[in-house]
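Structure first, commentary second.
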There are 2 protein chains.
Amino acid sequence: MNMAESEPMCPERLVMEHVTSRWGTLALIALLERSYRFSELRREIGRVSEKMLAQTLQTLERDGLVHRDAKPVIPPRVDYSLTDLGREAAEQVRDLARWTERRMAAVERARAAYDATRA
Amino acid sequence: MNMAESEPMCPERLVMEHVTSRWGTLALIALLERSYRFSELRREIGRVSEKMLAQTLQTLERDGLVHRDAKPVIPPRVDYSLTDLGREAAEQVRDLARWTERRMAAVERARAAYDATRA
DNA sequence: CGGTATCCTCCCTGATACTG
DNA sequence: CAGTATCAGGGAGGATACCG
């Protein structure tokens with residue numbers, strides 16, 4: 001998630017890194033559909049470690065994009081959903097993801113052409 | 001730019017990482033305005049090493065987003081501009097950057113509130 | 001179930017030096 | 001001017017173990 005915040009850079013970049021990070025992207029897009037419990041979201045995303053998902057969700061929660069609802073029951077139940085702010089962000093990333101999907105073929109053609117001139 | 005491509009992940013994610021990477025974002029947004037020479041772009045972006053800018057531009061060129069025009073003159077002159085595909089990508093990132101700018105205050109309020117409950 | 005704590009590895013980044 | 005080569009450091013991310 002590139003959450004190191006040591007170097008001097010504009011604060012906007014940090015927010016962009018949070019929402020466009022590998023797991024941030026997938027979490028936001030999934031949550032656009034409906035709310036998820038922690039493990040449920042983990043299965044939905046697939047191949048994400050507990051540590052990284054927890055870290056990602058915490059960062060997004062701190063930025064005010066994700067709402068965390070921890071119910072005081074045994075066993076613990078925690079639901080994650082998007083805030084209004086998070087929904088805006090998620091729609092932007094989804095659009096970017098969709099653009100990437102639409103243009104993927106063109107990108108791969110470009111890569112093949114680029115590689116051909118150098119092989 | 002997270003250009004390591006070792007792990008198995010969907011190819012779309014790689015393109016997203018290229019366009020949303022730290023220097024990728026800044027390069028695309030700058031090139032949306034006009035074409036730039038290498039050093040000119042370096043000064044415009046600021047604080048980017050030659051290595052990282054070259055690496056970033058190569059990746060974007062390979063993906064078919066940036067056009068590289070190397071003129072056979074002494075001293076070398078290389079102009080970079082956006083392709084049609086790159087312009088589409090750049091507009092998306094610019095939109096995301098603008099959203100971040102617009103909502104930055106809200107994000108910082110959320111962070112302050114989040115931190116307050118834990119301090 | 002929903003996390004934290006710890007360790008460890010890889011590779012991204014930047015600095016420096018060199019080249020055509 | 002526009003890069004490439006090389007090296008060093010540090011942080012992101014995963015594996016594992018443990019906890020409330």
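This is a predicted model, so every value here is computed, not measured. So you know, we letter chains A, B, ... as the sequences are listed, proteins then strands, and number each from 1.
Contact check, Arg37(B) against dC1(D): no side-chain N or O comes under 4.0 Å of OP1 or OP2. In this model, the phosphate group of dG3(D) is not approached by any side-chain N or O of Gln58(B) to a distance below 4.0 Å at OP1 or OP2. Put simply, Arg22(B) has a side-chain N or O that comes within less than 4.0 Å of OP1 or OP2 on dG14(C). OP1 or OP2 of dG3(D) sits under 4.0 Å from a side-chain N or O of Tyr80(B). Distances shown here put a side-chain N or O of Ser39(A) below 4.0 Å from the OP1 or OP2 atom of dG2(C).
By the 4.5 Å heavy-atom criterion applied to side chains, Thr20(A) and Leu96(B) are counted as neighbours. When side chains are defined from C-beta on, Leu57(B) counts as touching Leu41(B), because their heavy atoms get closer than 4.5 Å. Taking 4.5 Å as the limit, some side-chain heavy atom of Trp99(B) sits within range of a side-chain heavy atom of Arg102(B).
When the options Asp63(B), Thr25(B), Thr56(B), Thr59(B) are evaluated for a side chain to side chain donor-acceptor pair (under 3.5 Å) with His18(B), the one that passes is Asp63(B).
Residue Leu41(A) contributes atom CG, which lies 15 Å from atom P of dC1(C) at whole-angstrom precision. Taking atom CD of Gln55(B) as the reference point, atom P of dG3(D) lies 13 Å away to the nearest angstrom. In this structure, the CE atom of Met52(B) is 15 Å from the P atom of dC11(C), given to the nearest Å. The CG-P distance, from Leu57(B) to dA2(D), rounds to 11 Å in whole Å. Following rounding to the nearest Å, Asp79(A) (CG) and dG3(C) (P) show an atom-to-atom distance of 10 Å. For the pair Arg42(A) CZ and dG14(D) P, the computed distance is 10 Å after rounding to whole Å. Between the CD atom of Glu50(A) and the C1' atom of dA5(C) there is a distance of 13 Å, given to the nearest Å. The separation between Arg43(B) atom CZ and dG3(D) atom P is 14 Å, rounded to whole Å.
Salt-bridge formation is detected for the pair Glu40(A)/Arg34(A): a Lys NZ or Arg NE/NH1/NH2 atom is positioned less than 4.0 Å from an Asp or Glu carboxylate oxygen.
Not a single side-chain hydrogen bond (donor to acceptor under 3.5 Å, both in side chains) links Arg118(A) to another residue, sequence neighbours left out.
Comparing Pro76(B) and Lys51(A), the nucleotide of DNA chain C nearest to each residue sits closer to the 5' end for Lys51(A).
Residue contacts for Glu40(B): at a heavy-atom cut-off of 4.0 Å it reaches no nucleic acid atom on any strand shown.
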Atom pairs and distances, side-chain donor-acceptor, residues 64-76 of chain B, under 3.5 Å, sequence neighbours left out:
residue  : atom : partner  : partner atom : Å
Arg68(B) : NE   : Tyr80(B) : OH           : 3.3
Asp69(B) : OD2  : Lys71(B) : NZ           : 3.0
Lys71(B) : NZ   : Asp79(B) : OD2          : 2.7

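Less than 4.0 Å separates DNA chain C from at least one heavy atom of each of the following residues of residues 68-75 of chain A: Arg68(A), Pro75(A).
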